[in-house]
Amino acid sequence: MVRCFLIHTLCPVGALSAGESRVLYSRLFGPDEAVLSKQQLGFSPEERRLLQKEKISVVARQVRSAVALSREASGRQLVDAVPGEEALVLQDADNGVVRLRAGDPFSQEMSVLWLGVQSLGFTLACEPHENLLLAERVLRNLSRHCLENLHMLGQGSEVLLKSSRIDVLLSRLLPHGQLLFLNHRFAQSLEKEVAAYVAK
């Protein structure tokens, strides 16, 4: 099961320090017991929310450093993309997997798949027994829909204002955090459904 999906920044934002990453969108799946320790379950709702926010920030920072290392090792320079080139940018995106130990930041071990598209990071945190190839396919599919339909690479793109549309994408492509094996026909029907919703 997928425990969380994140969209966050990879490049420094003016108000942040060099090692920080701003979380633009996050969604947690599953019960709190999977994310919080037994001691933390007794916290008030506000304390739980703040703790979950901090755990998500830790994941975003770790992914940001993994992307920075990958980009530095490859030596490739980022070229600014213009709207309409989303498929090309997604094809050249950096990707990888980071293994998080139990307690750092989740109560159990997690596999974190990431996709670095320009200055945006798309991240899935999964339980370690999940099919990582399937998770990568779902992550690429989610990223493609976000980039193409919500125009996230354009100047002034406000991801925060598009959260309801991202929620709809997640409910179709990653229902309740479950990875779906999609045959060709079902994938096409999902594509049509998503396109019809985005066109509204």
Side-chain angles (χ1 to χ4, degrees), residues 1-10 22-35 49 52-53 55-56 59-60 63 81 83-98 106 110-154 156-200:
M1 179 172 186
V2 173
R3 289 297 173 192
C4 72
F5 171 73
L6 307 174
I7 301 174
H8 53 93
T9 60
L10 296 174
R22 177 174 285 161
V23 177
L24 303 173
Y25 176 87
S26 67
R27 172 99 177 260
L28 294 171
F29 299 99
D32 285 346
E33 292 80 23
V35 179
R49 188 187 68 75
Q52 288 177 343
K53 186 177 177 181
K55 288 177 185 271
I56 287 169
V59 173
V63 168
E85 292 183 350
E86 288 87 359
L88 182 63
V89 171
L90 190 59
Q91 188 177 10
D92 291 337
D94 299 302
N95 64 339
V97 179
V98 176
F106 299 107
M110 293 284 171
S111 296
V112 176
L113 287 87
W114 55 266
L115 195 62
V117 183
Q118 297 291 323
S119 61
L120 289 177
F122 295 88
T123 304
L124 278 182
C126 310
E127 292 176 345
H129 64 272
E130 283 294 342
N131 182 335
L132 294 181
L133 290 174
L134 179 60
E136 181 185 3
R137 182 173 165 218
V138 168
L139 181 60
R140 284 192 176 275
N141 203 7
L142 276 168
S143 304
R144 180 177 57 82
H145 281 294
C146 286
L147 293 172
E148 289 177 357
N149 298 324
L150 304 179
H151 310 291
M152 290 184 168
L153 292 181
S157 175
E158 291 294 329
V159 176
L160 301 173
L161 298 176
K162 299 174 181 179
S163 63
S164 61
R165 290 182 172 209
I166 298 170
D167 284 337
V168 169
L169 285 172
L170 286 172
S171 70
R172 301 294 193 275
L173 301 172
L174 195 63
H176 307 292
Q178 297 295 321
L179 295 171
L180 300 177
F181 284 98
L182 302 177
N183 65 25
H184 185 66
R185 196 172 286 169
F186 187 65
Q188 281 184 330
S189 71
L190 273 178
E191 296 279 336
K192 288 179 185 175
E193 196 175 320
V194 167
Y197 176 79
V198 172
K200 289 180 184 178

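- Under the rule for a salt bridge (Lys or Arg N to Asp or Glu O under 4.0 Å), Arg137 has no partner lying at least two apart in sequence or in another chain.
- More than 12 heavy atoms of other shown residues, nucleotides or ligands fall within 6.0 angstrom of atom NE2 in His129.
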Phe122 vs Leu142, side chain to side chain contact (heavy atoms under 4.5 Å, CB included): CA-CA, chis, key distance, verdict: CA-CA 9 Å; Phe122 295 88; Leu142 276 168; over 6 Å; no
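- Rounded to the nearest 0.5 angstrom, His184 NE2 and Ser189 OG are separated by 10.5 Å.
- The shortest non-hydrogen separation linking Val2 to Cys126 is CG2-SG, 4.0 Å.
- Across Asp94, Thr123, Leu90, a single residue satisfies side-chain contact (heavy atoms from CB on, under 4.5 Å) together with Leu115, and that is Leu90.
- Across Pro175 and Ser171, no two heavy atoms sit closer than the pair CB-O, 3.5 Å.
- For Asp92, there are no salt bridge (Lys or Arg N to Asp or Glu O under 4.0 Å) partners, not counting sequence neighbours.
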Derivation of the side chain to side chain contact (heavy atoms under 4.5 Å, CB included) call for Leu139 and Phe5: CA-CA 9 Å; Leu139 181 60; Phe5 171 73; 4.0 Å; yes
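- Distance CG/Leu190 to CG/Leu169: 10.5 Å, rounded to 0.5 Å.
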Worked check of side chain to side chain contact (heavy atoms under 4.5 Å, CB included) between Leu24 and Leu120: CA-CA 9 Å; Leu24 303 173; Leu120 289 177; 3.6 Å; yes
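- Between Arg3 atom CZ and Lys55 atom NZ the span is 12.5 Å, to the nearest 0.5 Å.
- Two residues are said to be in side-chain contact when any heavy atoms from C-beta on lie closer than 4.5 Å; Tyr25 and Leu170 meet this criterion.
- Counting heavy atoms from C-beta outward, Asn95 and Arg140 have side chains that approach closer than 4.5 Å.
- To the nearest 0.5 Å, the span separating CG on Leu179 from CG on Asn131 amounts to 7.5 Å.
- One finds the CG atom of Leu6 at 8.0 Å from the CG atom of Leu28 (value rounded to the nearest 0.5 Å).
- Applying the salt bridge (Lys or Arg N to Asp or Glu O under 4.0 Å) test to Arg144 and every residue at least two apart in sequence or in another chain returns Glu148, Glu191.
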Full working for side chain to side chain contact (heavy atoms under 4.5 Å, CB included) between His145 and Asn141: CA-CA 6 Å; His145 281 294; Asn141 203 7; 3.4 Å; yes
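- Heavy-atom minimum distance, Ile166 versus Cys146: CG1-SG, 4.4 Å.
- Here the CD atom belonging to Gln52 is positioned 10.0 Å from the SG atom belonging to Cys4, to the nearest 0.5 angstrom.
- The shortest non-hydrogen separation linking His8 to Val23 is CB-CA, 3.9 Å.
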